[in-house]
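Residues take their numbers from the sequence shown, with the count starting at 1.
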Amino acid sequence: MNIRQLKGFAAVMDSGLISKAADKIGITQPAMSKMIKQIEDELGIRLFERSRGRLFPTPEANYLKNVANSVLNQLNEATRFLQDYGNMRAGDLRVMSIPGPSLFFLPNLINEFVPALSQVNASLMAWNSSSIVNWISNHQSGVGLVEIYEPNPFLRLEALDLRCVCALSKLHKLATKEVITPNDLSGENLALIVSDHPLFEDIHDVFKASNCQMNVRFQSDLFVPQFAMIEERGLIGIIDPINVRNYEIYSRQSDDIVFRRFEPRVSLKLTVVSPSLRPLSALENEFRSVLVGELAKVSEHPSRLP
C-alpha cells in the first residue's frame with residue numbers, strides 16, 4: 001500500500017461514499033473503486049460491505065483506519081516540520097563565540113534573526129577559540145566566532161578584519177577631533193586589551209613607529225569593562241566595532257562615550273567557522289551568512305562615528 005491509497009481509503013471511511021471520497025482526493029469514481037479493490041486484493045480481506053448505496057466498514061477496515069490515520073498524521077506533521085525548517089521557523093540554531101561578542105552583540109543579532117513565535121531552539125555558548133574549533137570539527141554542526149585561526153580541513157573559515165576606533169568620554173578634549181592618532185594619545189591614560197592579545201601588540205607597534213608613549217592605566221581581557229574606566233576616569237580605549245555595538249545596546253544609546261576613527265589602522269582579526277564535511281541546516285547556514293554580513297558592515301561603517 002502506498003500513501004495515495006491510504007489517503008483514498010481514509011476518505012472513503014470518512015464519507016461512506018465512493019463518489020465523495022473520489023471528489024475529496026481528486027480522482028474519478030471508477031478510479032476510487034479500483035483503488036479500494038486493489039487494497040482488498042493486496043491484503044486478502046474485505047474492507048467494506050455494500051448496503052442501500054453506502055459502504056459499511058468491516059472490523060478489519062476499522063483497524064486499518066486507525067493505522068492509516070496514524071501514518072497520515074505523522075506524514076502531515078513531518079511535512080509541516082520540514083516546511084518550517086525550509087522557511088527557518090523551526091530547527092536548532094547553535095552559535096558559539098569567544099566571550100566578548102556573546103555579551104550583547106550576538107544575543108541581539110539572534111533575537112533579530114529568529115522569527116517571533118517560531119519553533120526555533122537557539123543556543124549561544126561563550127567558549128575560547130580552541131574549544132569552539134574542536135566542538136565544530138568533531139560534531140560538524142553549528143556556527144562559531146573565534147579569533148583568527150589556522151586553516152583546518154574540517155572547517156570552513158571566513159576571516160574578518162574589524163577596524164578599531166577610539167573610545168573616549170564626550171567631555172574629553174580629544175572628543176572634538178574626527179580622527180585620532182598615536183601623537184594625540186601620547187601620554188594620555190589608556191584602557192586597553194591585555195598585553196598578550198594580538199591587538200595589543202598591533203597597537204604597541206603603531207605607537208612605537210610613531211615614537212609615541214603608551215601610558216596604559218587599565219587592562220582587561222574583555223573590552224566591555226573598559227567602558228566604566230572611560231566614562232568615570234577619562235581613560236581612552238581602542239575598541240573593535242563589535243564592542244561599539246555592545247556599548248550601544250547595553251547603554252541604551254547613551255552618548256556619554258563617543259567613538260572616533262583611529263589612524264593608522266589597527267584591527268581585531270576574527271574568523272567565522274562552520275563545518276566543511278557536512279552541510280549546515282538551512283537555518284544555521286542563513287545565520288552564518290547574516291553574521292558574516294553584519295560583521296563586515298560594522299567593520300566598514302562603525303556606528304556613532306562623526
Side-chain angles (χ1 to χ4, degrees), residues 84-129 131-133 135-136 139-149 155-165 167 193 199 220-227 237 239-255 257 259 267-275 279-305:
D84 283 343
Y85 258 92
N87 60 27
M88 290 174 290
R89 296 190 62 85
D92 295 323
L93 174 60
R94 301 177 187 86
V95 182
M96 288 147 275
S97 172
I98 53 176
S102 69
L103 295 176
F104 300 99
F105 172 76
L106 281 173
N108 190 68
L109 188 63
I110 293 169
N111 180 59
E112 293 176 351
F113 176 79
V114 175
L117 305 178
S118 73
Q119 298 300 309
V120 172
N121 298 314
S123 63
L124 172 60
M125 303 300 295
W127 293 340
N128 61 43
S129 293
S131 296
I132 295 170
V133 165
W135 198 97
I136 295 178
H139 292 82
Q140 287 294 296
S141 66
V143 178
L145 182 59
V146 303
E147 292 175 344
I148 195 70
Y149 225 81
L155 295 174
R156 176 182 177 182
L157 306 177
E158 294 175 80
L160 294 151
D161 191 80
L162 307 184
R163 182 171 191 158
C164 294
V165 297
I193 198 73
L199 177 59
S220 58
D221 59 352
L222 297 177
F223 289 99
V224 168
Q226 298 172 20
F227 292 132
I239 305 290
D240 70 278
I242 291 177
N243 282 287
V244 175
R245 187 67 60 87
N246 276 343
Y247 178 75
E248 291 175 342
I249 296 168
Y250 96 78
S251 71
R252 301 183 183 275
Q253 300 291 332
S254 168
D255 64 352
I257 291 179
F259 300 91
S267 301
L268 178 67
K269 297 174 176 61
L270 297 180
T271 303
V272 175
V273 297
S274 54
L280 288 172
S281 68
L283 181 71
E284 290 185 332
N285 190 54
E286 179 63 18
F287 182 79
R288 181 197 56 77
S289 297
V290 168
L291 175 59
V292 170
E294 187 67 15
L295 290 171
K297 183 171 71 175
V298 300
S299 178
E300 292 305 316
H301 305 286
S303 54
R304 302 173 70 111
L305 286 181

Under 3.5 Å: donor-acceptor pair, side chain of E284, backbone of R94: yes

Report the residue from Y250, F227, F223 that forms a ring pair (Phe, Tyr, Trp, His ring centres under 6.0 Å) with F104. Y250

Euclidean distance, R156 CZ relative to L280 CG, rounded to 0.5 Å: 8.0 Å

Donor-acceptor pair, distance only, cut-off 3.5 Å: does the side chain of S299 make one with the backbone of D161? yes

Could you tell me which non-hydrogen atom of L199 sits nearest to which non-hydrogen atom of S267, and how far apart they are? CD1-O, 3.5 Å

Spacing of OG belonging to S274 relative to CG belonging to N285, to within rounding of 0.5 Å: 7.5 Å

Which atoms form the tightest heavy-atom contact between S102 and S97, and what is the distance? N-OG, 4.1 Å

To the nearest 0.5 angstrom, please state how far the CD1 atom of I193 sits from the CG atom of D221. 6.5 Å

Between N246 and G100, which heavy-atom pair has the shortest distance, and what is it? ND2-O, 3.2 Å

What I want to check is whether the side chains of N108 and N111 have a donor and an acceptor closer together than 3.5 Å. no

Counting N and O atoms only, with roles assigned by atom type, does the side chain of S129 sit under 3.5 Å from a partner on the main chain of E147, one being a donor and the other an acceptor? yes

Of the non-hydrogen atoms in P99 and L222, which two are nearest, and what is the gap between them? CB-CD2, 3.8 Å

Closest non-hydrogen atom pair between A296 and L160, with its separation: N-CD2, 4.5 Å

Distance (rounded to the nearest 0.5 Å) between S131 OG and I98 CD1: 12.5 Å

Starting at CG of L295, measure out to CZ of R245 and round the result to the nearest 0.5 Å. 9.5 Å

